[in-house]
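Chain letters run A, B, ... following the sequence lines, proteins first and then strands; every chain starts at 1. All values derive from a computational prediction rather than experimental measurement.
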Amino acid sequence: MEKFTVHTGTAVPLRRSNVDTDQIIPAVYLKRVTRTGFEDGLFRSWRDADPAFVLNDQRYSGASILVAGPEFGTGSSREHAVWALRDWGFAAVLAPRFGDIFRGNALKEGLLPVELELTVIEMLWDAVESDPSLAVTVDLGAREVRAGDLTCSFPLDDFSRWRLMEGLDDIGLTLRHEAAIGEYETSRLRFKPAVA
Amino acid sequence: MVGVPDGTPRTLAEKVWDAHVVRSAQGEPDLLYIDLHLVHEVTSPQAFDGLRMAGRPVRRPDLTIATEDHNTPTDNLLTIADPVSRTQIETLRKNCAEFGIKLHSLGDAQQGVVHVLGPQIGLTQPGMTIVCGDSHTSTHGAFGALAFGIGTSEVEHVLATQTLPQARPKTMAVNVVGELAEGVTAKDLILALITQVGTGGGRGHIVEYRGEAIRKLSMEGRMTVSNMSIEWGARAGMVAPDETTFAYLAGREYAPKGEAWDEAVAYWRTLATDEGATFDTEVTLDASAITPFVTWGTNPGQGAPLSARVPDPADFGSEAERNAATRALDYMALTPGTPLREVPIDVVFVGSCTNGRLEDLRAAANVLRGRKVAGGVRMLVVPGSAAVRAAAEEEGLNEVFTEAGAEWRFAGCSMCLGMNPDILEPGQRSASTSNRNFEGRQGKGGRTHLVSPSVAAATAVLGHLAAPTDLN
Ligand code: SF4
């Protein structure tokens, strides 16, 4: 995983709540066995159905920060939703609340999920709609989002922040504790099932 | 040692959590041991690739089991027509062979939806930790297991280490007071709950469903409720194990036998939430007030009693809810004020990990027996697994369905999601016993109303949303 420290880019306002992962990437794109190249599926139905959909809007091309409404990434566990956002070029998603599994997946992949109050999200929507070229900075070290004269801090636990800033692989971290895992296994209840 | 109780009253969730902590350290997530890892074709190929690239084996193939469900056809057992779907299935077969994982393939007697498989063979047991790269893993919580969905990176993590780093969630009690009225089902209960609390209501919590109405549910009913925990944002949903649970498990393939059974039951009995234990959050739901429930919108929290009308977005409290309702009604092509009973339906789907078990098929068959599916309506009945299909045929349920004019299919996820050949055409409207009414979930442009199996069957007969009582 690449290290995430500070990211500056332009932002796309997605004025919708309850953006579930079926919308982020429809199931037909989940048949692949690869881990990259999912950008074609991103918000596919909305991009096809509506020429005015914000991701079709040339003013926001090249944007790397998505600003969305509450309950972003609810629904299915598909990590493909994170891959599609990342493959499209997004580095961070800003929203008031995320679906738990999506948030976990995003943290694993280094796509930063940034929780901000709805009022702040609304300010950002207004700001980037009036100036699509506005530079937005997500500063993980300071746990801060900055855009124009707006500065706002966001919550993220220390451990996740450290992992992201160091670009650490979770499996490698866990395998440091292999002895503890082995020890746990010796004390498992004997009637627990095993697949034969 | 970590996880040793100090006598403080604990909830069911806390007991199961504590018993699985391999390591805990200040400021870090707990490292949890995973008792069972369920695998299917969609969320695993990239995880196996990751293992191969790093030269890592699967740590515990004996705690891992796989099935084919999302991409499989339900009209035959031999041919997966779509080459991309076929490749994904073949990739799973190759990976399971290479890493030594037991796989229930298409045509196998146990093959079926991953969350139907675990309970049916008795692998899902109280007090376990169970994960799967699928959000409806919450289903297994019906047994008093801590079960939750994970993403592909975590699938790889569990394959490699049999553990997962997890921050301890908060706990919530859903106290279901009163009793469900005759003809009102577990599906109505959970749909009513989600409408009450909203799609984000359970976020960050492990939920325990409690109360008399829950105790009276069968294991199938409890699975329906736990299954949809994720639809209101909960990390997991649990029901404390009791005699109903033990009776369901006794004699199943992987259930403990002989002395081990007695030892297991004695342990399982200790898992109930202690007197005096506190939950971070409590919610109360009045079961006696629930009537057959359906959704009208594009998320599972947009529901109403069948006896109600399509709501007017103007009546919602917040601007966000008004906008969401307006968008949903536009997508669903519904007019505010229309009685829900007058909404015509093109396709009826009975199946999925929410309502694809034997009891669900019986409920639908009981309504259909001696009746016909309305002209112009297509009805698919898709057993959750090959074993459910065989059991249903044993009882002659297949004949009830085919005589009524419904399609009796092979097991799989089928029309629950638009990934295999069973999909809605753009603009078609379904009454579906599945769990998600998201835009395009059952096929691009398809419109979904979530219902119980008995409402699905009555709807098929009348051609519009209906309850069995409307047939008399
Ligand atoms: S039946 Fe539906 S919800 Fe259940 S595992 Fe299959 S696709 Fe997912």
| Where do B:Leu36 and A:Lys192 land on the side chain to side chain contact (heavy atoms under 4.5 Å, CB included) test, with the steps shown first? | CA-CA 10 Å; B:Leu36 177 65; A:Lys192 292 249 171 134; over 6 Å; no
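Using a 4.5 Å cut-off between non-hydrogen atoms, the part of residues 67-78 of chain A that approaches chain B consists of A:Glu71, A:Gly75, A:Ser76, A:Ser77, A:Arg78. Interface with chain B: from residues 157-177 of chain A, residues A:Phe159, A:Asp169, A:Asp170, A:Ile171, A:Gly172, A:Thr174, A:Leu175, A:His177 qualify, criterion being any non-hydrogen pair under 4.5 Å. Within residues 26-46 of chain A, the residues that have a heavy atom under 4.5 Å from a heavy atom of chain B are A:Ala27, A:Val28, A:Leu30, A:Lys31, A:Arg32, A:Val33, A:Thr34, A:Arg35, A:Phe38, A:Ser45, A:Trp46, listed by number. Annotation: residues 152-159 of chain B contacts chain A through B:Thr152, B:Ser153, B:Glu154, B:Glu156, B:His157 [non-hydrogen atoms, separation under 4.5 Å].
With a 4.5 Å cut-off on side-chain heavy atoms, B:Glu259 and A:Phe191 do not count as touching. Side-chain atoms of A:Arg16 and B:Arg327, non-hydrogen and from C-beta on, do get closer than 4.5 Å to each other.
Of the possible donor and acceptor atoms, none in the side chain of A:Asp22 sits under 3.5 Å from a partner among the backbone N and O of B:Arg441. Under the 3.5 Å distance criterion, the side-chain polar atoms of A:Gln23 are matched with a main-chain donor or acceptor of B:Glu439. Judged by distance alone, the side chain of B:Tyr267 and the main-chain N or O of A:Leu189 form no donor-acceptor pair under 3.5 Å. Side chain of B:Arg203 to main chain of A:Phe98: a donor-acceptor pair is present (N/O by atom type, distance under 3.5 Å, no hydrogens or angles).
Salt-bridge formation is detected for the pair B:Lys444/A:Asp48: a Lys NZ or Arg NE/NH1/NH2 atom is positioned less than 4.0 Å from an Asp or Glu carboxylate oxygen.
Of the two parts of A:Arg15, neither the backbone nor the side chain holds a non-hydrogen atom closer than 4.5 Å to a non-hydrogen atom of chain B. Both the backbone and the side chain of B:His20 come within contact range of chain A, each with at least one heavy atom under 4.5 Å from a heavy atom of that chain.
For A:Lys3, the NZ atom is loosely surrounded, since the number of other residues' heavy atoms within 6.0 Å does not exceed 12.
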